[in-house]
2 protein chains.
Amino acid sequence: MQTEEEILKIKKVKNTAVRTVVLRHLLSQEKAQSLKDIENALAYTDRSSIFRTLKKFEENKVIHSIEDGSGMTKYAVCAKGCNCDPKDLHYHFYCTNCDKTFCLFDVPIPKIQLPENFKLQQANMVVKGLCDNCNK
Amino acid sequence: MQTEEEILKIKKVKNTAVRTVVLRHLLSQEKAQSLKDIENALAYTDRSSIFRTLKKFEENKVIHSIEDGSGMTKYAVCAKGCNCDPKDLHYHFYCTNCDKTFCLFDVPIPKIQLPENFKLQQANMVVKGLCDNCNK
DNA sequence: TAATCTTTGCAATCGAGTTGCAGTAAATCC
DNA sequence: GGATTTACTGCAACTCGATTGCAAAGATTA
Ligand SMILES: [Mn+2]
Ligand SMILES: [Mn+2]
Ligand SMILES: [Zn+2]
Ligand SMILES: [Zn+2]
């Protein structure tokens with residue numbers, strides 16, 4: 001596992017106190033985090049600073065965002081080597097019971113056969129249902 | 001093609017003036033519509049009435065909603081026989097150039113192999129890129 | 001008809017996201 | 001080093017899509 005400093009260096013994001021703590025928090029969580037989640041976890045860091053940090057991170061491919069339909073955008077750290085290309089596409093799972101959203105890095109995404117002359121750039125694939133913990 | 005009245009009858013939604021005109025509008029558009037789109041198109045119908053109509057429609061599977069990442073939820077009429085089950089799943093395409101979102105009813109969705117003991121209920125699959133019109 | 005339930009329009013509110021601005025810190029240039 | 005420029009941060013204010021309370025209007029039922 002890389003340290004926060006290493007990740008930021010690779011992704012060419014200048015290291016600051018806020019950025020380190022935000023990235024550390026994201027790395028420590030198994031579920032994707034909303035701005036509010038992060039704000040709650042980092043009591044002394046301002047929301048707009050976190051917000052701008054997330055924007056910067058997303059721009060530089062440190063993290064990617066997920067629209068899971070909960071009304072709050074979620075963020076998750078990109079896998080090592082990820083470039084947010086179509087090849088890095090993966091499903092996200094949203095548990096309708098416990099509200100947890102996370103990346104399904106291990107579930108392969110089949111090639112999508114778009115109609116004639118369409119060009120794929122990115123995708124937001126959210127699968128919803130019950131996670132193993134809630135499906136009992 | 002079924003009429004608005006027929007659709008509402010089948011889906012057990014009582015027919016009213018607002019509902020008819022909202023459904024008619026949705027049927028007339030090839031791209032999925034946001035609340036604002038509908039509000040703009042139906043100048044004399046109140047937003048909250050349209051909003052509640054959409055909620056009712058969604059509840060009764062007249063329409064389904066799409067989170068395309070644009071910040072506004074889009075709505076599209078369900079295909080005939082659709083029950084919004086996993087079997088009715090389909091991709092949605094969002095054109096990053098012209099901002100159009102629509103259902104890709106013809107692109108098959110492969111079976112998603114979820115991790116052990118996960119249960120699939122629904123999904124929001126949005127593919128983003130350039131539509132044929134914009135990919136030139 | 002009278003009582004009851006549903007739908008509608010209007011105004012107010014909510015809340016996630018975003019921005020302006022001034023102060024602080026860091027990087028760059030003499 | 002010290003001056004200048006550039007980047008980051010915190011606070012408050014604001015935007016805007018979504019949602020709700022409420023009373024009037026309409027439809028249904030007894
Ligand atoms: Mn992910
Ligand atoms: Mn659709
Ligand atoms: Zn769960
Ligand atoms: Zn287009």
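Since this is a predicted model, take the numbers as computed values, not measurements.
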Among D:dG10, C:dT6, C:dG17, the nucleotide that comes nearest once only the side chain of B:Lys14 is considered: C:dT6
Separation of atom CZ in A:Arg47 from atom P in D:dG10, rounded to whole Å: 13 Å
Shared hydrophobic cluster, B:Leu89 / B:Phe105 (ILVMFWY, side-chain heavy atoms < 4.5 Å): no
Nearest listed nucleotide, side chain of A:Arg19, among D:dG17, D:dT28, D:dT9: D:dT9
Validation row: B:Thr73, B:Tyr75 side chains within 4.5 angstrom (heavy atoms): yes
A:Ile38 CD1 - C:dG17 P separation (whole Å): 10 Å
A:Ser48 side chain, from C-beta outward: closest of D:dC11, D:dT19, C:dG9: D:dC11
Sugar-phosphate only, base, or nothing, as touched by B:Ser49 at under 4.0 Å among non-hydrogen atoms: base
Value in whole Å for how far the P atom of C:dC10 lies from CD1 of B:Ile50: 12 Å
Aromatic ring pairing A:Phe118/B:Phe102, orientation class (parallel under 30°, perpendicular over 60°, tilted between): perpendicular
Length of the line joining B:Asn15:CG and D:dA27:C1', which is rounded to integer Å: 13 Å
Sugar-phosphate only, base, or nothing, as touched by B:Thr73 at under 4.0 Å among non-hydrogen atoms: sugar-phosphate
Sugar-phosphate only, base, or nothing, as touched by B:Lys56 at under 4.0 Å among non-hydrogen atoms: nothing
Ring geometry between A:His64 and A:His92 (parallel below 30°, tilted from 30 to 60°, perpendicular above 60°): tilted
Length of the NZ-C1' vector between B:Lys74 and D:dG17, whole Å: 12 Å
Between P of D:dG21 and CG of B:Asp46, the distance in whole Å: 16 Å
Interatomic distance where CG belongs to B:Asp68 and P belongs to D:dG17 [whole Å]: 13 Å
Closest-nucleotide ordering on DNA chain C, the 5'-leading residue of A:Lys36 and A:Arg52: A:Lys36
Any B:Thr16 side-chain N or O less than 4.0 Å from OP1/OP2 of D:dG26: no
Distance in angstrom units between B:Tyr44 OH and C:dT8 C1', rounded: 18 Å
Minimum heavy-atom distance between A:Tyr91 and B:Met125, given as atom pair plus value: CE2-CE, 3.6 Å
Out of D:dG17, C:dT18, D:dT19, whichever nucleotide has its closest atom nearest the side chain of B:Met72: D:dG17
